[in-house]
Asks: 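Once you've had a glance at the structure underneath, I'll fire off some questions.
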Amino acid sequence: MFGIGVPELILILIIGLVVFGPGKLPEVGKALGKGINEFKKATSDISETKPMNTEKTESKSEVKEDA
């Protein structure tokens with residue numbers, strides 16, 4: 001996905017464990033997951049509305065060409 005292999009992922013998890021501690025790490029993971037989910041939802045909403053905007057512009061340009 002991001003070019004991160006297993007060794008890099010393990011290193012990131014170990015650093016996170018040292019920085020946040022074992023009690024806080026699940027909460028940080030949950031918050032990160034929610035943030036990623038909201039980001040995906042926002043980008044999918046944008047990509048769904050983008051084609052509608054281009055259709056409106058195309059129809060306006062077709063009307064101008066016909067006139």
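Both backbone and side-chain heavy atoms feed into the values below; hydrogens, waters and symmetry mates do not.
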Asks: Side-chain heavy atoms under 4.5 Å apart, restricted to Ile/Leu/Val/Met/Phe/Trp/Tyr: what other residues fall into the cluster of I36, or is it alone?
Replies: L32
Asks: Taking side-chain contact (heavy atoms from CB on, under 4.5 Å) as the test, write out the residues that go with L17, two or more places apart.
Replies: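 Result, side-chain contact (heavy atoms from CB on, under 4.5 Å) vs L17: P22, L25.
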Asks: Which heavy atom of L9 sits nearest to which heavy atom of I4, and what is that distance?
Replies: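 What the structure gives for the nearest pair is N-CG2, 3.9 Å.
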Asks: Among L13, V18, V19, exactly one meets side chain to side chain contact (heavy atoms under 4.5 Å, CB included) together with I15. Which residue is that?
Replies: V19
Asks: I'd like to check the salt bridge (Lys or Arg N to Asp or Glu O under 4.0 Å) partners of E38; sequence neighbours left out, ordered by chain and number.
Replies: none
Asks: For residues 5-29, pull every pair meeting salt bridge (charged side-chain N to carboxylate O under 4.0 Å, His left out), keeping only residues two or more places apart or in separate chains.
Replies: K24-E27
